[in-house]
Amino acid sequence: MKNLNKILIAFISILAVSCSGDDVESRPVVESATAPVLLSPKSDFNIVLELANAAGLATTFVWDDAQYEGSATVVNYNIEIAKAGTNFESPTVASTTTDKFKNFTVGELNAAALNIGLAPFVEGQIDVRIKSTVGAVGSIPQISNSYTIKVTPYPAWDNWGIIGSATAATTGGDGWATDANLDYNTATKKYSITMNLAVGEIKFRLDDGWTTNYGDNGNDGTLDAGGSNIPIATAGNYTIVVDFIAKNYTITKN
């Protein structure tokens with residue numbers, strides 16, 4: 001009886017392996033056929049993004065679908081972007097969809113532009129393309145043509161600037177009309193700028209307005225809300241670093 005059980009188990013095992021092999025051999029094969037074709041936006045696209053319109057439509061990416069030979073399967077599309085001229089060496093996936101289009105809001109396109117290193121308030125160029133894949137693991141990729149578009153992003157962080165009579169050497173006029181925007185360091189969470197300053201005074205303010213501004217009542221390197229103008233006694237080139245979290249700053253003459 002025991003020998004008979006062993007024979008049955010062996011027979012079932014061989015049958016299972018045989019059936020599994022048949023399944024693999026008869027499994028439908030999916031192969032690449034035609035890559036997707038990016039239709040828009042084309043290289044004449046140029047947009048200046050603004051925070052006030054963050055929820056509005058910036059543009060719609062549209063492409064012809066990719067074709068695959070074999071059993072019908074779901075095609076996934078990645079919208080890939082990269083800094084212009086980098087040949088997509090390290091592309092960023094801005095979005096993934098199974099549709100043949102993707103609406104980008106101003107906020108979404110702005111985040112994508114900043115993510116690949118475009119500077120706020122400066123017109124930059126982005127290479128865009130579509131990558132199609134099939135299957136859960138993203139197999140059998142096909143790459144579309146690409147276009148280069150122009151985008152001017154806004155900062156995703158607070159827009160702090162420096163203003164005052166001492167900034168006239170850089171901003172012109174009496175220095176009180178135009179802010180010089182501070183650069184933000186995402187690692188240190190500090191703002192900075194290197195610029196020429198004249199003898200005079202400076203203050204820091206948010207969003208080019210006076211609703212939120214900082215000076216220094218004691219001229220001791222500590223920021224005070226609505227505080228006194230900060231004096232600049234000697235003209236020259238300076239590096240200014242501001243920490244609006246710790247409420248302090250440094251002004252170093254180069």
Is the side chain of [X] donor-acceptor paired with the backbone N or O of [Y] at a distance under 3.5 Å, no angle test?
X	Y	value
Ser139	Val134	yes
Asn185	Ala187	yes
Thr105	Glu108	yes
Lys150	Asp44	no

Would you call [X] and [Y] a side-chain contact if the rule is heavy atoms closer than 4.5 Å?
X	Y	answer
Asn181	Asp183	no
Ile130	Asn78	no
Asn196	Tyr238	no
Val75	Thr98	no
Ser144	Leu38	yes
Tyr154	Val106	yes
Asp179	Thr171	no
Ile240	Leu197	yes

Nearest-0.5 Å distance, [atom1] of residue [X] to [atom2] of residue [Y]:
X	Y	atom1	atom2	answer
Gln125	Ser43	CD	OG	9.0 Å
Ile193	Ile162	CD1	CD1	6.5 Å
Ser40	Ile149	OG	CD1	10.5 Å
Ile163	Glu201	CD1	CD	12.5 Å
Asn219	Ile230	CG	CD1	7.5 Å
Lys131	Asn76	NZ	CG	11.5 Å

Which heavy atom in [X] sits nearest to a heavy atom in [Y], and how many Å separate them?
X	Y	result
Gln142	Pro36	O-CD, 3.8 Å
Phe104	Ser95	CZ-CB, 4.0 Å
Ala177	Asp174	N-OD1, 3.8 Å
Lys189	Asp243	O-OD1, 4.5 Å
Ala112	Ala94	CB-CB, 4.3 Å
Pro153	Ala113	CB-CB, 4.2 Å

Check whether [X] and [Y] end up in the same hydrophobic cluster, where Ile, Leu, Val, Met, Phe, Trp and Tyr are linked by side-chain heavy atoms less than 4.5 Å apart.
X	Y	value
Ile116	Leu114	no
Tyr214	Val241	no
Phe101	Leu39	yes
Phe204	Trp176	no
Ile251	Trp160	yes

Side chains of [X] and [Y]: donor-acceptor distance under 3.5 Å anywhere?
X	Y	value
Asp216	Ser228	no
Ser132	Tyr68	yes
Thr222	Asn248	no
Thr239	Thr194	yes

Test side chain to side chain contact (heavy atoms under 4.5 Å, CB included) on Val30 and Glu69 and set out the steps. CA-CA 6 Å; Val30 178; Glu69 294 179 349; over 6 Å; no
Residues at least two apart in sequence or cross-chain that pass salt bridge (Lys or Arg N to Asp or Glu O under 4.0 Å) with Lys190, listed by chain then number, are none
Cationic tip of [X] within the cone over [Y]'s six-membered ring, i.e. under 6.0 Å and within 45° of the normal?
X	Y	result
Lys247	Phe244	no
Arg129	Tyr147	no
Arg205	Trp210	yes

Run the ring pair (Phe, Tyr, Trp, His ring centres under 6.0 Å) test against Trp157 and tell me which residues pass, sequence neighbours left out. Tyr184
Please walk me through it: do Asn145 and Val37 pass side chain to side chain contact (heavy atoms under 4.5 Å, CB included)? CA-CA 6 Å; Asn145 57 310; Val37 178; 3.8 Å; yes
Using distance only, find each side-chain donor-acceptor pair of residues 46-65 under 3.5 Å and give its atom names and separation, not counting sequence neighbours.
from  : atom 1 : to     : atom 2 : distance (Å)
Asn46 : ND2    : Glu123 : OE1    : 3.1
Thr60 : OG1    : Asn103 : OD1    : 2.6
Asp65 : OD2    : Gln67  : NE2    : 3.0

Side chain to side chain donor-acceptor pair (under 3.5 Å) assessment of Thr148 paired with Asp127: CA-CA 4 Å; Thr148 300; Asp127 286 340; 2.5 Å; yes
Counting only heavy atoms not in Lys100 (residues, nucleotides, ligands), do more than 12 fall under 6.0 Å from its NZ? no
What verdict does the salt bridge (charged side-chain N to carboxylate O under 4.0 Å, His left out) test give for Lys83 and Glu89, after you've listed the backbone C-alpha separation in whole Å, the side-chain angles of each residue and the deciding distance to 0.1 Å? CA-CA 9 Å; Lys83 267 190 173 181; Glu89 292 177 358; over 6 Å; no
